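One-based numbering, in listed order, for ligands and for the atoms of each. Bear in mind the structure is a predicted one, so any value in this text is a computation, not a measurement.
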Amino acid sequence: MSETRKEGERVCVTGGSGYIGSWLVRLLLDRGYTVHATVKDLKDEKETKHLQALEGAESRLRLFQIDLLDYDSIVAAVNGTTGVFHLASPCIVDEVKDPENELLAPAIKGTTNVLTAAKELGVRRVVVTSSISAVTPSPYWPANKLKNEECWTDVDYCKQKGVWYPASKTLAEKAAWQFSKEKGLDVVVVNPGTVMGPVLPPTLNASMLMLLRLLQGCTETYEDHFMGSVHVRDVALAHILVYENTSATGRHLCVEAISHYGDFAAMVAELYPEYNIPRLPKDTQPGLLRAKNASKKLMDLGLQFIPMEQIIKESVESLKSKGFIS
Ligand SMILES: NC(=O)c1ccc[n+]([C@@H]2O[C@H](COP(=O)([O-])OP(=O)(O)OC[C@H]3O[C@@H](n4cnc5c(N)ncnc54)[C@H](OP(=O)(O)O)[C@@H]3O)[C@@H](O)[C@H]2O)c1
């Protein structure tokens with residue numbers, strides 16, 4: 001991807017302290033942008049230090065404390081920016097006790113709060129980070145058809161099965177599209193798969209925790225959560241690509257390939273035989289058709305996806321160097 005310098009352009013990254021957010025802030029600073037990054041607690045060094053250490057941060061990074069349910073806190077972070085990347089959302093694939101407060105409200109109300117602030121403050125374009133969790137689980141999608149950007153997660157199925165993270169991402173993305181249509185705000189969406197790769201923050205997010213658990217022998221297959229992996233740097237690049245290319249519209253599936261979690265686990269076992277990787281069934285995502293080049297829209301914009309083998313190697317080496325595994 002060619003690097004156009006964006007000196008002087010000011011953008012906001014909600015969830016800037018997070019796993020993907022930190023990478024996005026880093027790449028935006030590298031490209032010359034001035035960045036307003038949001039964190040949940042400005043006094044917590046675990047959220048701030050890794051951002052302040054980035055190249056260019058001293059002069060072009062401002063940190064803002066927000067709560068997704070506090071509109072005024074969001075206004076302060078978005079004010080003065082021409083573009084917003086909305087990543088902040090709770091990311092929990094384990095069981096939750098209080099889905100409404102832990103997942104649904106911050107995801108859905110948080111999204112409408114961010115979009116309302118963007119509209120009010122005259123922001124040019126908003127990139128919303130959705131997920132393949134807004135694409136799958138989709139049990140009624142035709143069995144012989146590849147899942148693509150037209151496919152939506154079945155929220156009733158999620159509610160019946162108590163899988164609340166996909167429900168939260170689907171309802172949040174639908175709220176974003178509805179807002180865009182009704183209020184005339186320019187919105188574009190990225191739908192990443194399971195994101196892995198080098199970790200910048202000192203704590204682990206849900207997707208890197210999945211890999212850590214696999215390396216520790218966990219046999220969970222994430223039947224309703226997995227549809228392929230993707231390198232964290234590619235996810236950050238995808239956000240920048242759809243922001244900078246005004247021709248980019250709609251949803252953008254962002255995976256190096258559509259694959260099963262069993263494929264991923266088998267490759268981890270092959271590359272790292274010294275760990276106790278369980279043998280999982282070949283088809284861990286019943287009925288999911290595998291596909292290379294599934295993220296054609298992003299590839300057409302110039303994104304060359306890092307392959308699964310390299311994603312795994314860089315992820316495991318990062319977990320080692322940060323002391324999460326020996
Ligand atoms: N990781 C994946 O595999 C994956 C795949 C597809 C889509 N996504 C989406 O990508 C985005 C970032 O995920 P991630 O993997 O980078 O997770 P992460 O590291 O947990 O980042 C989530 C970010 O959202 C912030 N946040 C959460 N609840 C908030 C609230 N109530 N108010 C203000 N900020 C809040 C977090 O702040 P704190 O750090 O202070 O908690 C953090 O900065 C999310 O929208 C997620 O759904 C992730």
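The backbone N or O of Thr136 sits less than 3.5 Å from a side-chain atom of Thr153, completing a donor-acceptor pair. Side-chain atoms of Ser17 do not come within 3.5 Å of backbone N or O of Val39 as any donor-acceptor pair.
Considering OG1 of Thr48 and CD of Gln65, their distance stands at 10.5 Å, rounded to 0.5 Å.
At under 3.5 Å, not a single nitrogen or oxygen of Asp41, backbone or side chain, sits near a nitrogen or oxygen of ligand 1. Polar contact with ligand 1: absent for Thr38 (N/O pair, distance under 3.5 Å). Taking any N or O of Ile20, backbone or side chain, at least one lies under 3.5 Å from an N or O belonging to ligand 1. Between Val195 and ligand 1, at least one pair of N/O atoms sits closer than 3.5 Å. Taking any N or O of Val39, backbone or side chain, none lies under 3.5 Å from an N or O belonging to ligand 1.
Under 4.0 Å from ligand 1, the heavy atoms of Ser130 that appear belong solely to its backbone. Within the 4.0 Å heavy-atom criterion, neither part of Trp23 lies near ligand 1. Contact annotation for Glu47 and ligand 1: only side-chain heavy atoms (C-beta onward) come within less than 4.0 Å of the ligand.
The nearest heavy-atom contact from the protein to atom 15 (O) of ligand 1 is Asn205 ND2, 2.9 Å. Closest to atom 9 (C) of ligand 1, if we only count protein heavy atoms, is Thr129 CG2, 3.8 Å. For atom 32 (N) of ligand 1, the nearest non-hydrogen atom of the protein is Leu68 N, 3.1 Å. Taking atom 29 (C) of ligand 1 as the reference point, the nearest protein heavy-atom neighbour is Lys40 CD, 3.5 Å. For atom 46 (C) of ligand 1, the closest non-hydrogen atom of the protein is Tyr165 OH, 3.4 Å. Protein heavy atom at the shortest distance from atom 19 (O) of ligand 1 is Tyr19 N, 2.8 Å. From the protein, the heavy atom lying nearest to atom 21 (O) of ligand 1 is Gly18 CA, 3.6 Å.
Counting heavy atoms only, Ser89 comes closest to atom 26 (N) of ligand 1 of the residues Ser22, Gly15, Ser89.
Looking at His36 and Thr81, their side chains never bring a donor and an acceptor atom within 3.5 Å of each other. One side chain, Asn205 or Ser207, offers a donor N or O that lies under 3.5 Å from an acceptor on the other.
Per-residue contacts place Thr194 under 4.0 angstrom from the following atoms of ligand 1 (heavy atoms of the residue considered): 3 (O). The distance from ligand 1 to the heavy atoms of Leu87 drops below 4.0 Å at these ligand atoms: 11 (C), 12 (C), 44 (C), 45 (O). Against a heavy-atom cut-off of under 4.0 Å, Gly193 is close to the following atoms of ligand 1: 3 (O), 5 (C), 6 (C). Per-residue contacts place Asp67 under 4.0 angstrom from the following atoms of ligand 1 (heavy atoms of the residue considered): 32 (N). Those atoms of ligand 1 that come under 4.0 Å of a heavy atom in Ser207, given as number and element, are 1 (N), 2 (C), 3 (O).
Between Asp154 and Lys159 no salt bridge is recorded (no basic side-chain N to carboxylate O distance below 4.0 Å). Electrostatic pairing of Arg213 and Asp94 counts as a salt bridge here, judged by a charged N lying under 4.0 Å from a carboxylate O. A salt bridge does not link Glu317 to Lys313: none of the charged side-chain nitrogens sits closer than 4.0 Å to a carboxylate oxygen. Between Glu55 and Arg60 there is no salt bridge, since no side-chain N of the basic residue sits under 4.0 Å from a carboxylate O of the acidic one.
Proximity of atom 36 (C) of ligand 1 to the protein is not indicated, since no non-hydrogen protein atom lies closer than 4.0 angstrom.
For Ser17, the closest heavy-atom approach to ligand 1 falls below 4.0 Å.
The cationic atom of Arg125 (NZ for Lys, CZ for Arg) does not lie both less than 6.0 Å from the six-membered ring centre of Phe85 and within 45° of the ring axis.
With sequence neighbours excluded, no residue forms a salt bridge (charged side-chain N to carboxylate O under 4.0 Å, His left out) with Lys183. Listed by chain and number, the residues in a side-chain hydrogen bond (donor to acceptor under 3.5 Å, both in side chains) with His252 amount to none (sequence neighbours excluded).
At least one side-chain heavy atom of Leu204 sits less than 4.5 Å from a side-chain heavy atom of Val199.
Checked options Glu150, Glu149, Glu173; the residue passing with Arg251 is Glu173 (criterion: side chain to side chain donor-acceptor pair (under 3.5 Å)).
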